[in-house]
There are 2 protein chains.
Amino acid sequence: MAQVDTVTRILDAAEELFAEHGFAETSLRTITARADVNLAAVNYHFGSKKALIQAVFARFLTPFYKMVETSLDVHEKNHPDTILSIEDILRFVARAMASVTEGDRSRLAIFMRLLGLAYNQGQGHLRKYLQTEYRSLFRRVMALIAKATPDLQPVERFWRFHFMLGSAAFTLSSMENLRAIVEHDFDTKCTEEEVVGYLLPFLAAGIRAK
Amino acid sequence: MAQVDTVTRILDAAEELFAEHGFAETSLRTITARADVNLAAVNYHFGSKKALIQAVFARFLTPFYKMVETSLDVHEKNHPDTILSIEDILRFVARAMASVTEGDRSRLAIFMRLLGLAYNQGQGHLRKYLQTEYRSLFRRVMALIAKATPDLQPVERFWRFHFMLGSAAFTLSSMENLRAIVEHDFDTKCTEEEVVGYLLPFLAAGIRAK
DNA sequence: TTTTGAGTTAAACGTATGTTTCAAACAGTT
DNA sequence: AACTGTTTGAAACATACGTTTAACTCAAAA
């Protein structure tokens, strides 16, 4: 075995480059060059570029998924029959995200970018993958949100959920550019935590509208 | 001149295909084939693929831009010194969008997709283009929002504005897929107008949060 | 020691892409 | 009718891409 596993070297490089330039715009040659690995390694270890993209996605998804699940399990065991508020639910999700992307903040951006891609690429492989892998967590969170917003019609709740997802996906995936604008226009720096601190109240108020 | 101008035939085809498959995934050959036009026509009339993408963008941007400007002008002449509410502002923008994309609803999706792309493609050409072209309208709308939300700190207002933008960009650009999910999961069809009808209250409540 | 098999390497393959070329067709003007 | 500038057409070009191949490395098993 080399200093660091070839597979994770590829994943690390791919993650950074996907976040910077997108997926179609990032070539395997660029990835393997940054990873200091032979070009053929991607196809050897992952099978194809598509599979690599999925693997990059999975590296977030799986721990994030488990994190939310277990923290919800713990909470429900300690506080059974309590109804979580929207803020509570968002905090659970945000905390899981933070812990998964800890130490490397651009990972959040690429996760969100993948999410956006998964949604608006019609026949894309990512969407199917996400849908099968994520379904049970999605349902569980959706059920919690339903309990927190009992007055909402199911269809409108569905849309509002995706409005929330959109805010998060858009702003967090282009966080770097937006922070640059803030620094230029307002002469102020924003940490990621501050942005999330701005985001959650916005989302909560939005889903509770009217 | 042919039946329809070659330039607009290309723009029409590019618009549809970009909306379906994204930009990098759509080749000039696919575009020119659908437009029933020679491959070289794109480079002859637009210069490059990048320039074509910008041209597709500009075909929305320019009329949309003018529409918002003039309708705001008219309103300010008729009702000087009135402070528009957030809902009013959003309605102005939404009405301008509707009138620009009238008759062809998928244009909204590609517009939003381009917007998202412009934001999270760091060094992308779209971003610069948008920034220079849009700046004055952006400032004007921002000033109106500032008057409608006097209690908000400028930086937080900036972020909330982009949270709104994110909701709109994300949901409207993946509208087709989301409507398919709604139809599958809830056995209901949603028109674009209904979705916008759901969206605006969400945004208004979000920006007014706390 | 030999064998095995996973991992790596350099090179090549086939293909799809954006772009360019240059001759032909065309429309408008003189 | 001849000329002129613009637009189209078929073909080729150069390149970048994802992928495959086959030779090679090298540690662990037999």
Side-chain angles (χ1 to χ4, degrees), chain A residues 1-59 110 114 117 121-126 128-129, chain B residues 1-59 110 113-114 117 121 123-126 128-129:
Chain A
M1 197 187 310
Q3 341 118 27
V4 181
D5 198 50
T6 300
V7 171
T8 71
R9 296 250 296 290
I10 293 174
L11 286 172
D12 288 341
E15 203 171 280
E16 288 179 43
L17 290 166
F18 285 158
E20 280 175 49
H21 306 111
F23 307 101
E25 295 80 5
T26 305
S27 71
L28 293 185
R29 284 172 174 79
T30 318
I31 294 171
T32 52
R34 175 171 303 197
D36 204 19
V37 145
N38 189 273
L39 169 62
V42 169
N43 284 282
Y44 177 77
H45 287 287
F46 297 93
S48 70
K49 189 183 180 182
K50 277 186 180 182
L52 171 61
I53 295 177
Q54 283 188 8
V56 170
F57 206 11
R59 214 167 42 149
I110 110 104
L114 276 157
L117 238 150
Q121 223 153 35
Q123 21 67 295
H125 60 292
L126 269 180
K128 306 256 180 226
Y129 170 75
Chain B
M1 199 189 305
Q3 343 116 30
V4 182
D5 199 50
T6 301
V7 171
T8 71
R9 296 249 296 291
I10 293 173
L11 287 172
D12 288 341
E15 203 172 281
E16 287 179 44
L17 290 165
F18 285 159
E20 281 176 48
H21 307 110
F23 307 100
E25 295 80 4
T26 305
S27 72
L28 292 185
R29 283 171 175 80
T30 318
I31 294 170
T32 52
R34 174 170 304 197
D36 204 19
V37 145
N38 190 273
L39 169 62
V42 169
N43 284 282
Y44 176 76
H45 287 287
F46 297 94
S48 70
K49 188 183 181 183
K50 278 187 179 181
L52 171 62
I53 295 178
Q54 282 188 8
V56 170
F57 205 11
R59 221 178 25 159
I110 108 105
R113 194 174 293 201
L114 277 157
L117 238 151
Q121 222 153 37
Q123 23 65 296
H125 60 292
L126 269 179
K128 304 255 181 230
Y129 170 74

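Sequence lines set the chain letters: A, B, ... in the order given, protein chains first and strands last, and positions in each chain run from 1. Everything numeric in this text was worked out from a predicted model, so none of it was measured.
With rounding to whole Å, B:Leu28 atom CG is found 16 Å from D:dT8 atom C1'. The distance between atom CG of A:Asp36 and atom C1' of C:dG7, rounded to the nearest whole Å, is 15 Å. Rounded to whole Å, atom P of D:dT25 lies 15 Å from atom CG of A:Asn38. In this structure, A:Asp5 atom CG and C:dT8 atom C1' are separated by 13 Å, rounded to whole Å. In this structure, CZ of B:Phe23 is placed 18 Å from C1' of C:dT17, rounded to the nearest angstrom. Taking atom CD of B:Glu25 as the reference point, atom C1' of C:dA16 lies 14 Å away to the nearest angstrom. Here C:dG7 presents its P atom at 17 Å from CG of A:Leu39, a figure rounded to the nearest Å.
At the heavy-atom level, A:Thr30 lies nowhere under 4.0 Å from the strands shown. No contact: B:Thr32 has no heavy atom under 4.0 Å from any strand.
The pair B:Arg113-B:Glu25 does not count as a salt bridge, with every side-chain nitrogen at least 4.0 angstrom from each carboxylate oxygen.
Listed by chain and number, the residues in a side-chain contact (heavy atoms from CB on, under 4.5 Å) with B:Gln54 are B:His125, B:Leu126, B:Tyr129 (sequence neighbours excluded). Listed by chain and number, the residues in a ring-ring contact (aromatic ring centres under 6.0 Å, His included) with B:Phe23 are B:Phe18 (sequence neighbours excluded).
For B:Ser27 and C:dT17, the shortest distance from a side-chain N or O to OP1 or OP2 is below 4.0 Å. Residue B:Thr6 places no side-chain N or O under 4.0 Å from the OP1 or OP2 atom of D:dT7.
Closest contact between the side chain of A:Ala40 and the listed nucleotides C:dT19, D:dG9, D:dT21 involves D:dT21.
Nearest approach of B:Leu17 to B:Arg34, heavy atoms of both residues: CD2-NH2, 3.5 Å. Between A:Asn43 and A:Ser48 the shortest heavy-atom distance is OD1-CA, 3.7 Å. Heavy atoms only, all atoms of each residue included: A:Val4 and A:Arg9 are closest at O-NH1, 3.2 Å.
DNA chain C is contacted by B:Asn43, B:Ser48, B:Lys49 of residues 41-50 of chain B, taking any non-hydrogen atom closer than 4.0 Å.
Checking each of A:Leu39, A:Thr26, A:Leu11 against A:Ile31 for a side chain to side chain contact (heavy atoms under 4.5 Å, CB included) leaves exactly one that passes, namely A:Thr26.
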